[in-house]
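Structure, as C-alpha cells:
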Amino acid sequence: VAEAGRRAFIIGLSGETLSGDEARFIERWRPCGIIVFSRNFRTNDQLQQLIGDVRDAAGSEDLLVLVDQEGGRVQRLTGTQWPDFPPAAAFAALYQQDGKAGGEALRVATQWLAGLLRDVGVNTNCVPCLDVPVAGAHGIIGDRAYGRDPRTIAVLGRAVADGCMAAGVLPVMKHIPGHGRAGVDSHLELPTVDATAGDLERQDFVPFCELNALPAAMTAHVTFTNFDATCPASVSREVICKAIRGDIGFDGLLISDDVSMQALSGSIEERASAVVAAGGDVVLHCNGDLEEARSVAMVVPELCGKRLLRYKRCLDIVFREPRRVDKGLAMAAMGRARDALAMERGNSHRAE
C-alpha cells in the first residue's frame with residue numbers, strides 16, 4: 001500500500017551507482033519514482049543493483065522505476081544484453097500488411113520486452129507514443145509513431161499497453177494531448193500549434209480518447225493556442241482541465257514531461273510549481289542534477305487525495321504477477337516487423 005508521505009515527483013540519477021547524497025535525498029524527500037537513462041546503465045546486474053539501492057533508500061517497494069524503452073531511436077538500455085527493438089513504424093507497416101497479425105506481433109514483442117525490464121527492476125515503460133504526425137511536422141516523433149491514422153495508432157497503442165500490463169509493467173502513454181503537429185523539438189524549444197479544437201478532437205485526441213482508461217499518461221510541452229495561447233500543455237490549467245480531463249476523458253496519473261527541457265521557461269521551482277498548479281499529478285525531473293531536484297522536492301505536494309488514488313492504481317499494475325511469453329515468438333514478431341518496414345521503404349523508394 002502506498003504511503004501518503006511519498007511526494008509527487010520523479011527524479012533522474014547522475015550515474016551508474018547511487019551516491020551517498022542521492023541516497024540521503026531519496027530517504028529525506030521520498031520521490032514517488034525514478035527514471036533511468038543510458039548514463040545509468042552498464043550491465044543488467046549493475047542496473048539491478050542501482051535500482052535495489054534506490055529501493056533501500058526509499059524504504060519500501062511503492063516506487064515507480066521508469067524508462068523510455070520505445071524501440072528504434074528511443075532505447076535507453078542497449079548493447080548485447082538488450083534486444084534492438086524495432087521502431088513503432090515497423091509494427092505499423094506490419095499492421096498494414098495484416099491487421100490481426102500486426103497487432104498480435106506488437107503485443108507479444110512488447111510483453112517479452114516488459115518481462116526483461118521487470119527482471120532488472122524497471123516496472124514502468126513510457127510507452128505507447130500515441131502522437132499523430134502530420135505533414136511538415138518536426139521529425140522528433142517521426143517513426144516513433146504507429147503510423148499517421150489515429151485509429152490505427154489507437155489499436156497498436158492498446159496492443160503495447162496490454163503487453164506491458166500483462167508483464168506487470170506500467171505503461172505511460174505520451175505525449176497527451178498530442179505532439180504530432182509540433183514544428184520544433186520540445187527538448188530544445190517550445191512548439192506552438194494553432195490547430196482548431198475541432199481539428200485536434202478529430203485527429204490528435206483520438207488515440208488518447210480510445211485509451212483514456214489507461215492508468216498513466218505523460219503531457220506534451222506544446223502550446224495549443226486555441227486552448228491556451230500563453231502556456232504549454234504541461235503547465236496549462238486550460239489544457240489539462242478542458243482538453244485532457246474533459247474532452248479526452250483521462251482520469252489517470254498525469255505526469256509532466258521532463259521539466260528541465262528547454263521548451264519550458266522560468267526556474268526549475270517555477271516550472272514544477274506550474275505543473276502542480278495546472279492540475280498535473282507528478283513532476284518529472286530527468287537530468288540528475290541533485291540541486292535542481294531539491295528545488296522540485298520543496299515545491300511539490302505529498303501524494304494525497306486523487307493523486308494518491310491514481311498512484312495506487314499504477315502500483316496495482318506493477319504489483320501484478322507477470323505473465324511471460326516465449327522469446328522465440330517475440331524475436332519472430334520483431335523480425336516480421338523489420339521486414340515489413342524494409343518492404344514499405346523499398347516500395348516508397350521505387351515509387352519516387
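Fair warning: this is a prediction, and the values are worked out from it, not measured in the lab. Numbers here are sequence positions counted from 1.
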query: Between K174 and D257, is there a side-chain N and carboxylate O pair less than 4.0 Å apart?
result: no
message: Between Q111 and V325 (side chain of the first, backbone of the second, donor and acceptor by atom type, cut-off under 3.5 Å), is there such a pair?
response: no
message: Within the 4.5 Å heavy-atom criterion, are R73 and D143 side-chain neighbours or not?
response: yes
L18 with L290, same ILVMFWY side-chain cluster at under 4.5 Å: yes
- request: State the CG-CD distance between D21 and E291, to the nearest 0.5 angstrom.
  value: 8.5 Å
- line: Taking every heavy atom of S236 against every heavy atom of D228, the minimum-distance pair comes out as OG-OD2, 2.8 Å
message: Please enumerate all residues that pass side chain to side chain donor-acceptor pair (under 3.5 Å) together with S234, with sequence neighbours excluded.
response: T219, H221
- request: Check A57 against A23 and note the closest heavy-atom contact, atom names and distance.
  value: CB-O, 3.7 Å
query: Do L94 and L106 touch side chain to side chain, with heavy atoms closer than 4.5 Å?
result: no
- prompt: Side-chain contact, heavy-atom cut-off 4.5 Å: P128 with L156?
  reply: no
- prompt: Passes salt bridge (charged side-chain N to carboxylate O under 4.0 Å, His left out), D119 versus R324? Steps please.
  reply: CA-CA 11 Å; D119 288 344; R324 312 294 295 212; 3.0 Å; yes
Salt-bridge contact E210-R151 (side-chain N to carboxylate O under 4.0 Å): yes
- line: Minimal heavy-atom distance between R6 and A58, with the atoms involved, is NH2-O, 3.5 Å
message: Suppose the criterion is ring-ring contact (aromatic ring centres under 6.0 Å, His included): which pairs have a residue in residues 157-186, not counting sequence neighbours?
response: H175-H179
query: Are the side chains of I255 and C126 in touch, meaning some heavy atoms are under 4.5 Å apart?
result: no
Nearest-0.5 Å distance that lies between atom NE2 in H187 and atom CG in D258: 7.5 Å
message: Contact between Q203 and R181 at the side-chain level, heavy atoms closer than 4.5 Å - yes or no?
response: yes
Side chain to side chain contact (heavy atoms under 4.5 Å, CB included) evaluation trace for R336 with Q97: CA-CA 11 Å; R336 291 197 300 275; Q97 291 182 3; over 6 Å; no
statement: In short, A216 meets C314 closest at the heavy-atom pair CB-SG, 4.0 Å
task: May I ask you to decide if C32's main-chain N or O and Y311's side chain share a donor-acceptor pair within less than 3.5 Å?
output: yes
message: Can you pull out every salt bridge (Lys or Arg N to Asp or Glu O under 4.0 Å) where at least one residue sits in residues 75-88? Sequence neighbours excluded, please.
response: D68-R76
message: I need the single residue from V65, L64, N40, L50 that forms a side chain to side chain contact (heavy atoms under 4.5 Å, CB included) with I34. Which is it?
response: V65
Residues R24 and E27 bridged, charged N to O under 4.0 Å: no
message: Within this structure, what is the CZ-OG1 distance for the pair R42 and T17, rounded to the nearest 0.5 Å?
response: 8.5 Å
field: Interatomic distance, I51 atom CD1 to Q48 atom CD [nearest 0.5 angstrom]
entry: 8.0 Å
- request: Might you point out which heavy atoms bring R148 and V134 nearest each other, and give the distance in Å?
  value: NH1-C, 3.4 Å
- prompt: Can L66 be reached from F25 by stepping across I, L, V, M, F, W or Y side chains whose heavy atoms are under 4.5 Å apart?
  reply: yes
task: Could you list all the side chain to side chain donor-acceptor pair (under 3.5 Å) pairs where at least one residue sits in residues 189-200, not counting sequence neighbours?
output: D194-T225, T196-D199, D199-R202
query: Does a sphere of radius 6.0 Å around CZ in R323 hold more than 12 heavy atoms from other residues, nucleotides or ligands, not counting ones at 6.0 Å or beyond?
result: no
field: Whether F205 and F227 hold their rings parallel, tilted or perpendicular, with breakpoints at 30° and 60°
entry: tilted
query: Can any side-chain N or O of N125 pair as donor or acceptor with the backbone N or O of Q69 at less than 3.5 Å?
result: yes
query: Is R118 reaching over with its side chain to a backbone N or O of G168, donor-acceptor style, under 3.5 angstrom?
result: yes
- prompt: To the nearest 0.5 Å, what is the distance between CG (L211) and CD1 (I248)?
  reply: 11.0 Å
message: side chain to side chain contact (heavy atoms under 4.5 Å, CB included), that's the test. Do L253 and R313 meet it? Break it down for me.
response: CA-CA 8 Å; L253 190 74; R313 279 187 60 207; over 6 Å; no
query: Could you give the distance from SG (C164) to CG (L113), rounded to the nearest 0.5 Å?
result: 7.5 Å
- prompt: Distance only, no hydrogens: is a donor on one side chain within 3.5 Å (strictly under) of an acceptor on the other, for S260 and E292?
  reply: no
query: Linking I/L/V/M/F/W/Y whenever any side-chain heavy atoms sit under 4.5 Å apart, do V275 and L190 land together?
result: no
- prompt: Does one side chain, of D45 or Q49, offer a donor that lies under 3.5 Å from an acceptor on the other?
  reply: no
message: Is there a side-chain contact between L341 and P86 in this structure, where contact means two heavy atoms from C-beta onward sitting under 4.5 Å apart?
response: no
field: ring-ring contact (aromatic ring centres under 6.0 Å, His included) partners of residues 101-149, not counting sequence neighbours, each pair once
entry: none
- prompt: Could R245 and D281 be called an ion pair, given the rule that one side-chain N must be under 4.0 Å from one carboxylate O?
  reply: yes
message: If you compare all heavy atoms of C209 against all heavy atoms of D247, which two are closest, and at what distance to 0.1 Å?
response: SG-O, 3.8 Å
- prompt: Can you list the steps and then say if R7 with W29 is a side chain to side chain contact (heavy atoms under 4.5 Å, CB included)?
  reply: CA-CA 7 Å; R7 301 185 77 84; W29 290 104; 4.1 Å; yes
message: According to a hydrophobic-cluster definition based on side-chain heavy atoms being under 4.5 Å apart (Ile, Leu, Val, Met, Phe, Trp, Tyr only), do V169 and V122 belong together?
response: no
field: Audit row: D251, R310, salt bridge (charged side-chain N to carboxylate O under 4.0 Å, His left out) steps and yes/no
entry: CA-CA 8 Å; D251 192 38; R310 291 166 179 154; 2.6 Å; yes
task: Evaluate side chain to side chain contact (heavy atoms under 4.5 Å, CB included) for W82 paired with L116, printing each intermediate quantity in order.
output: CA-CA 8 Å; W82 287 90; L116 300 181; 3.6 Å; yes
- prompt: Between the side chains of S256 and R271, is a donor N or O closer than 3.5 angstrom to an acceptor N or O?
  reply: no
- prompt: So, the side chain of N123 versus the backbone of L170: is there a donor-acceptor pair under 3.5 Å, distance only?
  reply: no
- prompt: So do the side chains of V206 and V132 get within less than 4.5 Å of each other, counting heavy atoms only?
  reply: no
message: Main chain of V282, side chain of R307: is a donor-acceptor contact present, judged purely on distance under 3.5 Å?
response: no
task: Check the hydrophobic clustering (I, L, V, M, F, W, Y; side-chain heavy atoms under 4.5 Å; chains of links allowed) and say if I141 and M261 are grouped together.
output: no
query: Should K242 and F224 count as side-chain neighbours, where that means a heavy-atom distance under 4.5 Å?
result: no
message: So does F85 get a backbone contact from the side chain of Q75, meaning a donor-acceptor N/O pair under 3.5 Å?
response: yes
task: Taking side chain to side chain donor-acceptor pair (under 3.5 Å) as the test, write out the residues that go with D339, two or more places apart.
output: none
